[in-house]
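To start, the structure itself, in structure tokens.
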2 protein chains.
Amino acid sequence: MPLELSASQALGLWHAVSFGQVKLDGRDLTLRQMAILLEIYLVPPPHTVRGLAAKLGVTKPVITRALDTMGDMGFVTRERDERDRRNVVIKRTVDGALYLEKLCDLIIDQGRALKP
Amino acid sequence: MPLELSASQALGLWHAVSFGQVKLDGRDLTLRQMAILLEIYLVPPPHTVRGLAAKLGVTKPVITRALDTMGDMGFVTRERDERDRRNVVIKRTVDGALYLEKLCDLIIDQGRALKP
DNA sequence: CTTCACCGATACGGTAGCGTAACGAAGTCT
DNA sequence: AGACTTCGTTACGCTACCGTATCGGTGAAG
């Protein structure tokens, strides 16, 4: 069920959603942070710092910092892995799910409102 | 010609594009900067600092700084308005158009690659 | 000419991101 | 036991962004 977008639709959608996100939600997440957050919520767990860093092609401190920030926002939690106590497992939260749900609504609404 | 997206498609698309943009293009534009850039390129000119600030609901220095950064990247240029020399008119550039073209391709490709 | 309004840029102190490098804790191996 | 590896985190110096306040430069009105 692929999605066939015209150039105008593609950029128009990106524009409208970025725009709406800036106006409606004061938080100014970086593209990296957004990618990390979506990775955590859309890909089956478990998620680790190491794994996310490798998958996104960034260094580990980038992930640690992003998790710090998004942890403060209440979007993620960290827990030690009891099976191998070197690892830290990243957990989803209700607030994070709500945040992405709002983003999802925005994307759908803006897609629906697209001019041809 | 509106676009009907499922929740899974909406977030999946956002995820894939954010992800691809992080991996393929080192530049880590802020959501605000992205919104400003798309506003400049998708909405008919002229664009002014004042106008963009008002439309996005941010302060003028935010726009000035974003234009500085994106000017360094070669994505926009500024020119004084000769009719009212208080104004500065923001101009598009070839490099900016190319950047957005790549983004556009990414969105279309990822939309096409979406799993249902 | 003076005054006032407007526009974009700049200054300032503060915060948050960056990459590199090093660290402590935990597991592995001999 | 000790040496080595693998985790995530922290430290460091740096850059970029933030909001508030203010600054020149320009135009308009008296």
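Computed from a prediction, not measured in an experiment: that's the story for all the values here. So you know, we letter chains A, B, ... as the sequences are listed, proteins then strands, and number each from 1.
Rounded to whole angstrom, the span from the CZ atom of A:Arg65 across to the C1' atom of D:dG8 amounts to 13 Å. Atom CD1 of B:Ile63 is separated from atom P of D:dA16 by 18 Å (rounded to the nearest Å). What separates CG of A:Asp68 from P of D:dT10 is a distance of 7 Å, to the nearest Å. The nearest whole Å value for the distance from the CG atom in A:Leu67 to the P atom in D:dG8 is 10 Å. Across the protein-nucleic acid pair, B:Arg78 atom CZ and D:dG25 atom C1' stand 16 Å apart, rounded to whole Å. Atom CD1 in B:Ile90 sits roughly 7 Å away from atom P in C:dG8 (whole-Å rounding). Summarising the geometry, the separation between CD on B:Glu79 and P on C:dA9 is reported as 13 Å, rounded to the nearest angstrom. Nucleotide C:dC7 holds its P atom 12 Å from the CG atom of B:Asp81, rounded to whole Å.
Considering only side-chain atoms of B:Thr69, the nucleotide from C:dG8, D:dC17, D:dG8 that sits closest is D:dC17. Here the nucleotide nearest the side chain of A:Arg32, chosen from C:dC18, C:dG8, D:dT26, is C:dC18. Of the listed nucleotides (C:dA26, D:dT9, D:dA21), C:dA26 has the atom at the smallest distance from the side chain of A:Arg85. When each of D:dC7, C:dA26, C:dG8 is scored by its nearest atom to the side-chain atoms of A:Asp84, the top-ranked nucleotide is C:dA26. Across C:dT20, C:dA26, D:dT26, the shortest atom-to-atom separation from the side chain of A:Thr59 is found for C:dT20. Which of C:dG19, C:dA26, D:dT9 sits closest to the side chain of A:Val62 comes down to C:dG19.
Summary of the strand contacts: A:Thr64 and A:Arg86 both lie near DNA chain D, and taking for each the nucleotide with the nearest heavy atom, the more 5' one is attributed to A:Arg86. Taking for each of A:Thr30 and A:Glu82 the nucleotide of DNA chain C with the nearest heavy atom, the 5'-most of the two is the partner of A:Thr30.
An OP1 or OP2 oxygen of D:dC17 is reached within less than 4.0 angstrom by a side-chain nitrogen or oxygen of B:Gln33. Under 4.0 angstrom from either OP1 or OP2 of C:dC7 there lies no side-chain N or O belonging to B:Arg80.
In this structure, A:Lys102 does not pair ionically with A:Asp105, as no charged nitrogen and carboxylate oxygen lie closer than 4.0 Å.
B:Arg50 comes within 4.0 angstrom of the backbone, heavy atoms only, and of no base.
Here the side chains of B:Leu42 and A:Phe19 are not in contact, with every heavy-atom distance at 4.5 Å or above. Within the 4.5 Å cutoff, no side-chain heavy atoms of A:Gln9 are placed close to those of A:Trp14.
Side-chain contact annotation: B:Glu39 with B:His47, donor-acceptor N/O pair under 3.5 Å absent.
One cannot find a donor-acceptor pair under 3.5 Å joining the base of C:dG27 and the side-chain atoms of A:Arg83.
Transitive grouping of hydrophobic side chains (ILVMFWY, heavy atoms separated by less than 4.5 Å) keeps A:Val43 and A:Met70 in distinct clusters.
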